[in-house]
Amino acid sequence: MAAEQLALYGYWRSSAVYRVRIALNLKELAYDTRPVHLLRDGGEQHGADYRALNPQQLIPCLTDGERVLTQSMAIMEYLEEMHPEPPLLPADARSRARVRALALAVACDIHPLGNLRVLQYLEANLGTDEAKKLDWSRHWIETGFDALEAMLAGSSATGRYCHGDTPGLADACLVPQAYNALRWKLPLERWPTIARIHAACNELEAFRRAMPEAQPDAP
């Protein structure tokens, strides 16, 4: 499908949407932004129109012509297969497995525990106050980043970016999670390799254009 048919449904501050924006930009694919406000009117993701696109009522959702794609990792893998150049994954199987492991350490083990619907459940159903929600979010980012720092710092495959000297899938996941860490007042200096890679990525236009504050629906 032609790149101009791509439309990305999401919210400016969503980490999952952020990582897809990075992937689209790294691949130099044009796309339309379709804002889905996660808080307005109880959350536009729960409305009938959006539910018809994504029954999970989650973002992101990418449409490619008549195709409807959900789940950020699946979307990025789809982009890699449909538009293989420039690549998000290295050429050999072992390196691809490493990059996927780094990416999934963020997308599966850190990010979901601080997701909006989890925090809303903690507050509405378990009576968790703001201070405890903050402790919860910080704990899981710290736990995940401690492990991720060891994975990155302990491997000769780590270069300027998560894998070698070309940004890819793992970096697209790392940078939004680092943004979340800073949002929750966690200084990245505790994780020097993550901090270095985060800074290197944000020197690139593809990452800067994907930043939450640069989005048309940002307040």
Side-chain angles (χ1 to χ4, degrees), residues 1 3 6 8-10 14-31 58-62 64 67 69-115 141 144-145 147-181 188 191 193-212 214-215:
M1 288 292 183
L6 296 172
L8 179 62
Y9 292 77
S14 162
S15 298
V17 180
Y18 190 175
R19 66 178 73 120
V20 173
R21 289 196 301 261
I22 292 170
L24 286 163
N25 292 344
L26 285 173
K27 289 194 170 290
E28 301 178 354
L29 295 171
Y31 63 95
L58 298 173
I59 53 175
C61 178
L62 183 78
D64 184 358
R67 295 178 176 88
L69 304 152
T70 61
Q71 291 291 341
S72 63
M73 299 304 295
I75 290 170
M76 292 192 291
E77 293 272 5
Y78 171 83
L79 294 174
E80 179 75 347
E81 293 175 7
M82 294 294 289
H83 307 277
E85 296 295 332
L88 297 176
L89 290 164
D92 64 287
R94 289 185 177 88
S95 295
R96 288 198 302 272
R98 177 179 185 265
V99 168
R100 287 185 172 111
L102 293 168
L104 291 170
V106 173
C108 293
D109 296 333
I110 305 175
H111 168 249
L113 289 163
N115 205 9
I141 294 172
F145 269 17
L148 196 62
E149 174 71 18
M151 293 166 71
L152 290 166
S155 174
S156 61
T158 302
R160 179 171 176 81
Y161 304 105
C162 286
H163 189 84
D165 297 325
T166 303
L169 187 75
D171 306 282
C173 291
L174 176 66
V175 167
Q177 192 59 57
Y179 176 91
N180 278 346
L188 295 183
W191 307 285
T193 312
I194 289 174
R196 176 183 62 74
I197 293 169
H198 175 253
C201 287
N202 283 333
E203 292 176 4
L204 301 177
E205 179 65 18
F207 286 82
R208 290 199 298 268
R209 285 194 290 116
M211 287 179 174
Q215 304 316 303

As an exercise, state the distance from [atom1] of [X] to [atom2] of [Y], rounded to the nearest 0.5 Å.
X	Y	atom1	atom2	value
R21	R209	CZ	CZ	11.0 Å
I197	L152	CD1	CG	4.5 Å
N180	H111	CG	NE2	6.5 Å
L58	T70	CG	OG1	8.5 Å
H83	E28	NE2	CD	12.5 Å
L26	M76	CG	CE	10.0 Å

[X] to [Y] - nearest heavy-atom pair and separation:
X	Y	result
A170	A103	CA-CB, 4.1 Å
I59	S14	CD1-CB, 3.6 Å
D109	A105	CB-O, 3.3 Å
P86	K27	O-NZ, 2.6 Å
R19	C173	CD-SG, 3.8 Å
S72	A16	CB-O, 3.6 Å

| Got a salt bridge between E203 and R160, using NZ or NE/NH1/NH2 to carboxylate O under 4.0 Å? | yes

Are the side chain of [X] and the backbone of [Y] linked by a donor-acceptor contact shorter than 3.5 Å?
X	Y	value
D64	R67	no
E149	T193	yes
E80	L89	yes

Heavy-atom side-chain contact between [X] and [Y] under 4.5 Å:
X	Y	answer
L148	W191	no
Q215	Y18	no
M211	N202	yes
R100	E77	yes
L174	Y161	no
D171	I22	no

| field | Residue from C61, P60, P176 passing side chain to side chain contact (heavy atoms under 4.5 Å, CB included) with V20 | value | P60

| said: Assess the residue pair N25 and E205 against the criterion (side chain to side chain contact (heavy atoms under 4.5 Å, CB included)); give the C-alpha distance rounded to whole Å, side-chain angles, the decisive distance to 0.1 Å, and a yes or no. | reply: CA-CA 8 Å; N25 292 344; E205 179 65 18; over 6 Å; no

| task | Give the intermediate values and the outcome of side-chain hydrogen bond (donor to acceptor under 3.5 Å, both in side chains) for residues T158 and R98. | result | CA-CA 10 Å; T158 302; R98 177 179 185 265; 2.6 Å; yes

